[in-house]
Amino acid sequence: MAQNILAFETSCDETSAAVLSVGDKRRLASLVILSQDIHRIFGGVVPELASRAHLQTIGDVAEQALAEAGISQNGVNAVAVTAGPGLVGALLVGVMFGKTMALSLDVPLIGVHHLEGHLFAPTLEQPEFAPPFVALLVSGGHTLLLEVPAWGDYRLLGSTRDDAAGEAFDKVATLLGLGYPGGAAIERLAQSGKAGRYNFPRPLLKELDREGPDRYAFSFSGLKTAVLRAVRASRDLEAERADMARGFQDAMVEVLAAKTADAAVNLGYSRVMLGGGVACNQALVERVRSMLSGDATVAVASNRLNTDNAAMIAAAGAWHLSRGESSGWDLEPKADLPFPGLTIPAALTGAPR
Ligand code: KG4
Ligand code: ZN
């Protein structure tokens, strides 16, 4: 009999619930995502407002997910919830709600790491998608290049030294007057921009030729500063915005794609996955594809499943539950929850960002 996993994601500014039906086949029975608009006014996520908005809407979002899946609360067989990393007050709402539901329904509870959720996103649309693969996780908060020989076995190749990839997109979007969050707006604007008009730096790209600890490391704050200088020097920003967006996106895409493709070839992987909000960027996806040979495959979830959603949390939770793992009632959200199963080589010190 199929088991219904009800999942919640509240780590940032999306309140999301989903029902994943797991049996001989897996089926996403419902997915509800409520994006909090209020943060646009402030040009970034305001943690307290995020927590309050989650609290106000999570009940209705949960009900809607159950209704769309055509089940009642009694049809829920397990609850999965993002336990971190993220904004702790936002996470608390999802964890307490999920915990309460699991406790009252007397079903298992599983706390899921947000980034492990992103890794599982392609499985929702491509059931055959599985390790081994090289993964590039690029979101508003993280930039991680990973080697994934098996589910649960994650080996860090590199991360960012400063800004996350999505954060860089968002900050540059603000500089160009495109509003928050701005990744998608930059991609749209870049389409009408001229390539090469702005030749921004490609940070740490040359490190690819060396065996050192920065071979697969990223750094985006210098690139952001280069765009800031160009904006300040511009006599007609309105006329040059598209060229700047194009120059910035080309630099980001070049570094991300080159390091990802190099890792796959160097380590002998024929499968690559791109995940997190920045993986919605088609220029990035196409560049990675073009850098790999014809027999390599690149898996990317659709945009709705790449950005934060509860379906990916259900998918990762289902994998843990299938191994007999579950969380205790003492499950606590953690802003800096360590990635379960992540190995960090000694040469790459510090917490991955
Ligand atoms: O994974 P996600 O929804 O949330 C986090 O876990 O952070 O990622 C959100 C990030 C934002 O920074 C947003 O600007 C970026 O993904 N993003 C994009 C695109 N769509 C969303 N960045 C570049 N190009 C896009 N098309
Ligand atoms: Zn995310």
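Just so it is clear, the values below take in all heavy atoms, side chains as well, and ignore hydrogens, waters and symmetry mates. Since the structure is predicted, the reported quantities are computational estimates derived from the model, not experimental observations. For ligands, and for the atoms within them, numbers begin at 1 and follow the listed sequence.
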* To do: Evaluate side-chain hydrogen bond (donor to acceptor under 3.5 Å, both in side chains) for Tyr198 paired with Asp250, printing each intermediate quantity in order.
  => CA-CA 10 Å; Tyr198 282 92; Asp250 284 353; over 6 Å; no

* **side-chain hydrogen bond (donor to acceptor under 3.5 Å, both in side chains) evaluation trace for Glu14 with Thr307** => CA-CA 9 Å; Glu14 265 88 30; Thr307 46; over 6 Å; no

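The parts of Asp308 lying near ligand 1 are both backbone and side chain, judged by heavy-atom distances below 4.0 Å. Contacts of Gln282 with ligand 1, taken as heavy-atom pairs under 4.0 Å, are absent altogether. Of the heavy atoms in His118, only side-chain atoms (C-beta onward) come closer than 4.0 Å to ligand 1.
Around the Zn ion (ligand 2), the protein N, O or S atoms closer than 2.8 Å are His114 NE2, His118 NE2, Asp308 OD1, listed by chain and residue number.
Within ligand 1, the atoms closer than 4.0 Å to a non-hydrogen atom of Ser139 are 1 (O), 5 (C), 6 (O), 7 (O), 8 (O), numbered from 1 in the order shown. Numbered from 1 in the order shown, with element, the atoms of ligand 1 that lie under 4.0 Å from a heavy atom of Gly141 read 7 (O). Ligand-side atoms of ligand 1 in range of Gly166: 12 (O), range being under 4.0 angstrom from any heavy atom. Listed by number with element, the atoms of ligand 1 under 4.0 angstrom from any heavy atom of Thr307 are 3 (O). The ligand atoms of ligand 1 that sit less than 4.0 angstrom from a heavy atom of Glu187 are 25 (C), 26 (N).
Linking Ile, Leu, Val, Met, Phe, Trp and Tyr whenever their side-chain heavy atoms come within less than 4.5 Å leaves Val22 and Val76 in two separate clusters.
Looking at Gly140, Ser11, Gly117 and measuring to atom 9 (C) of ligand 1, the nearest heavy atom belongs to Gly140. Here the shortest heavy-atom distance to atom 11 (C) of ligand 1, taken over Asp13, Asp170, Val45, belongs to Asp170. Remark: among candidates Ala279, Gly86, Gly183, Gly275, the nearest residue to atom 22 (N) of ligand 1 is Gly183, based on non-hydrogen atoms.
Using a 4.0 Å cut-off between charged nitrogen and carboxylate oxygen, Glu207 and Arg210 count as a salt-bridge pair. Between Glu167 and Lys224, none of the side-chain N atoms (NZ, or NE/NH1/NH2) sits under 4.0 Å from a carboxylate O, so this pair counts as no salt bridge.
Atom CZ of Arg202 has more than 12 neighbouring heavy atoms from other residues, nucleotides or ligands inside a 6.0 Å radius. The 12-atom threshold is exceeded at CD of Glu128, counting heavy atoms of other residues, nucleotides or ligands nearer than 6.0 Å.
The shortest N or O to N or O distance between Gly277 and ligand 1 is under 3.5 Å.
Aromatic ring centres of Tyr180 and Phe42: separated by at least 6.0 Å.
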